[in-house]
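One structure is given here, and the rest of the page talks about it.
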Amino acid sequence: MSLRALMIGLLSQIVAFSSTPVVRASEPTAAKDELAATIPMNEQLRRARDAVFPTLVHIQPVVDVARGGRTIETALHGSGVVVSKDGIVVTNFHVAGTAKRLVCTLSDKRRCGATRIGADAATDLAIVQLDLAELGVDEIPHASFATEDALEVGDFVVAMGSPLGLSRSLSLGVVSCLDRDLGILELDGGQQTGLYNTWIQTDAAINPGNSGGPLVDLTGRVVGINTRGFRQAMNLGFAIPADVVVDVMLRVLRDGRVVRSQLGVTMQPVPATSATNADVRGGLIASVEPGSVAETAGWRAGDVLLSIDGTSVTIAFPEDLPRARRTLADLPVERAVAFELSRDGERIQGTCTADELDPPPAQDESFVEYGITLRALTKEECFERFLDESGGVLVTGVRAGGLFARTTPKLQSGDVLL
C-alpha cells in the first residue's frame, strides 16, 4: 500500500474516532461506587485485564545509538497499545520516535512489522501502524480511551506492558496525583519533553520497558500512557493523560505531525499577593528572545500576559505552566491574534502572528573516518552555551584511538565544534 493510500485510510478513521467513544465521558462517582460495591475487586481487575490485554503490543525498536565515536545498531524493548481496529498503535517517542525498524509482538504472540506514522517529542508520543497484511487479518482488538476527569486521586489503576522486556505484565496501584509537574525533561538526542502536559502519578510499578504501554482503570479504559518512573524511588511512575494522547494522535493522523506555534517567550507563575492566590491573573513573562514575534509585538520580560486569542492565561503554580504553554503552542500561524498584557499596572493591547515552531534536531551522524559522532544543537542547547543558533555542532561520541581522540587537547563527548 502506498503512503498516500495509507494516509487516506487513516484520515477516514478520524470520522470514526469522532463518532465512536474513543474518549468517553467520566462515569459519575456514584456509579463507580455502585460498581465497586457490587463487583469484587479481583473480578474488576480480571475484567480490566480481559478488556485491554488483547490490545497490548510488545515493541522492539531497532535504533542507531552513538557510542564510542561510531553508530551502533541496537534493538531495545518498549510497549504500546492498539487503539483502532485497523492497527493504529500508541507508544512513546523514546520507544519508536527515531527507530529504523519496528518489530511488534501481539499479546497472542503473533509478530509483525510496523510503520511509524508520526511522532511528537514534546509530549513523548509516537503513533505507528501495524502491518495487518503480514498478520493476514483486516481487524484486530483495540482499546478505548477515557478522559482524565474519569480519574480521582485514590482510584485503582493497572499499568500494563513489558517491564524490562517481560511482555504481558500487569501491576496494580492507585492514582496518587492527577496534575504532577515534572518540569521540562530531556530525551536522548536533545529533544525536550513534558512542555505541554502534566502527569498522572501512580504507585503502579512502571519500569523501563513499560514505556508506551497503557495505564488502565478498573472499567477497562485507557486513562494514560505509561512513560517514566524514578529509579531511585519505590513504584513512583508517571503517565501521559489520555486527553493529551488523543489530541496528539488525531493531529498526527490528520497531518503526519503535530504543528505548533511559537512566540519566543518563556513564562513562570505570577507571584501571589494574598494567601489564597484567588487574585492571581495572567502569566509572568520571564524572558523574550531577541528578534522573536513577542519582541516585535512589544513584549518585555516582567510583563504579565493576561489573555491571547480570547483565552485567559493564569499561572499561579508550576503545574499551570504546561497548560499555558499549550495555549501559546496552539495559536494559529496564519492569522494575527489579539493579546492583552499588564505592565506596571497599565493594560496593553495589541496583535501578533505566531511563527511555526522549529522542527526537532536531526539525529546523531557518524563520521567513521574521523572516529566521531555529531548532531545539530537545539535552540535550548545554544542558549545554555551562550551561542547563536548557528553556533556549531555537538560532539556525542569520540572513538578511542580515532583521529579526534589524538588531538591536543582531546575532543570529548559534550564538546561543541565551532
Side-chain angles (χ1 to χ4, degrees), residues 1-14 16-17 22 52-65 73-121 123-143 145 160-163 165-169 187-189 208-214 222 225-227 240 245-246 248-258 363:
M1 179 183 295
S2 69
L3 179 61
R4 178 174 176 79
L6 173 62
M7 289 309 300
I8 290 173
L10 295 176
L11 286 169
S12 69
Q13 291 301 308
I14 295 176
F17 279 136
V22 171
V52 182
F53 249 44
T55 73
L56 287 182
V57 182
H58 176 72
I59 301 177
Q60 292 176 280
V62 178
V63 300
D64 283 336
V65 177
E73 191 173 88
T74 304
L76 306 174
H77 293 283
S79 304
V81 58
V82 182
V83 296
S84 83
K85 65 182 181 180
D86 298 324
I88 302 296
V89 173
V90 173
T91 184
N92 281 142
F93 179 93
H94 75 263
V95 172
T98 60
K100 295 171 62 179
R101 298 191 304 279
L102 294 167
V103 179
C104 297
T105 305
L106 307 185
S107 61
D108 58 9
K109 300 184 180 179
R110 289 181 295 167
R111 185 170 292 166
C112 69
T115 302
R116 182 175 58 251
I117 300 171
D120 181 44
T123 53
D124 202 358
L125 290 168
I127 312 299
V128 305
Q129 167 75 61
L130 296 177
D131 188 345
L132 297 191
E134 192 174 337
L135 295 174
V137 299
D138 296 323
E139 300 180 0
I140 57 174
H142 63 284
F145 284 98
M160 299 182 183
S162 305
L166 303 174
S167 60
R168 305 182 307 281
S169 294
L187 301 171
D188 292 339
N210 269 122
S211 294
V222 177
I225 294 297
N226 307 321
T227 302
I240 304 166
V245 177
V246 171
V248 169
M249 176 180 67
L250 294 179
R251 292 166 77 171
V252 167
L253 291 176
R254 184 187 65 207
D255 301 323
R257 64 192 181 105
V258 179
Q363 293 179 250

Is there a side-chain contact between [X] and [Y] in this structure, where contact means two heavy atoms from C-beta onward sitting under 4.5 Å apart?
| X | Y | value |
| --- | --- | --- |
| Val252 | Arg257 | no |
| His77 | Ser162 | no |
| Ile117 | Ile88 | yes |
| Asp64 | Lys100 | yes |
| Phe145 | Val83 | yes |
| Thr115 | Leu102 | no |
| Val81 | Ile225 | yes |
| Arg254 | Met249 | no |

May I ask you to decide if [Y]'s main-chain N or O and [X]'s side chain share a donor-acceptor pair within less than 3.5 Å?
| X | Y | value |
| --- | --- | --- |
| Gln129 | Asp86 | yes |
| Asp124 | Thr227 | no |
| Asn226 | Gly213 | yes |
| Glu134 | Gly113 | yes |

| Worked verdict on Glu73 versus Val62 for side chain to side chain contact (heavy atoms under 4.5 Å, CB included) | CA-CA 7 Å; Glu73 191 173 88; Val62 178; 3.4 Å; yes
| Can you tell me if Ser79 and His58 form a side-chain donor-acceptor pair at under 3.5 Å? |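 Judged by distance alone, the side chains do not pair up.
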| task | For Ser107 and Arg168, test the side chains for any donor-to-acceptor distance below 3.5 angstrom and give the result as yes or no. | result |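 Their side chains do not contain a donor-acceptor pair, so the 3.5 Å distance test is not met.
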| field | Under the side chain to side chain donor-acceptor pair (under 3.5 Å) test, residues paired with Thr91 that sit two or more places apart | value | none
| Who are the side chain to side chain donor-acceptor pair (under 3.5 Å) partners of Arg116, not counting sequence neighbours? |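 Result, side chain to side chain donor-acceptor pair (under 3.5 Å) vs Arg116: none returned.
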Give the minimum heavy-atom separation between [X] and [Y], together with the two atoms involved.
| X | Y | value |
| --- | --- | --- |
| Asn210 | Pro163 | OD1-CB, 3.2 Å |
| Arg111 | Leu135 | O-CD2, 3.6 Å |
| Val222 | Ala143 | CG2-CB, 3.8 Å |
| Ala96 | Val128 | CB-CG1, 4.1 Å |

| request: Run through Val245, Val246, Val57, Val248 and flag the one making a side chain to side chain contact (heavy atoms under 4.5 Å, CB included) with Val90. | output: Val245
| task | Could you tell me whether Asp108 and Arg110 have a side-chain N and a carboxylate O separated by less than 4.0 Å? | result | yes
| query | For the atom pair CG (Asn92) and CG (Leu187), what is the distance rounded to the nearest 0.5 Å? | reply | 9.0 Å
| query | In Å and rounded to the nearest 0.5 Å, what is the CD1 to CG distance from Ile240 to Leu125? | reply | 4.0 Å
| Can you name the side-chain contact (heavy atoms from CB on, under 4.5 Å) partners of Leu130, sequence neighbours left out? |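 By the side-chain contact (heavy atoms from CB on, under 4.5 Å) rule, Leu130 matches Val82, Val89, Cys104, Leu106, Cys112, Ala114, Leu132, Ile140.
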| request: Test Phe93 against Asp120 for side chain to side chain contact (heavy atoms under 4.5 Å, CB included), laying out the working first. | output: CA-CA 6 Å; Phe93 179 93; Asp120 181 44; 5.9 Å; no
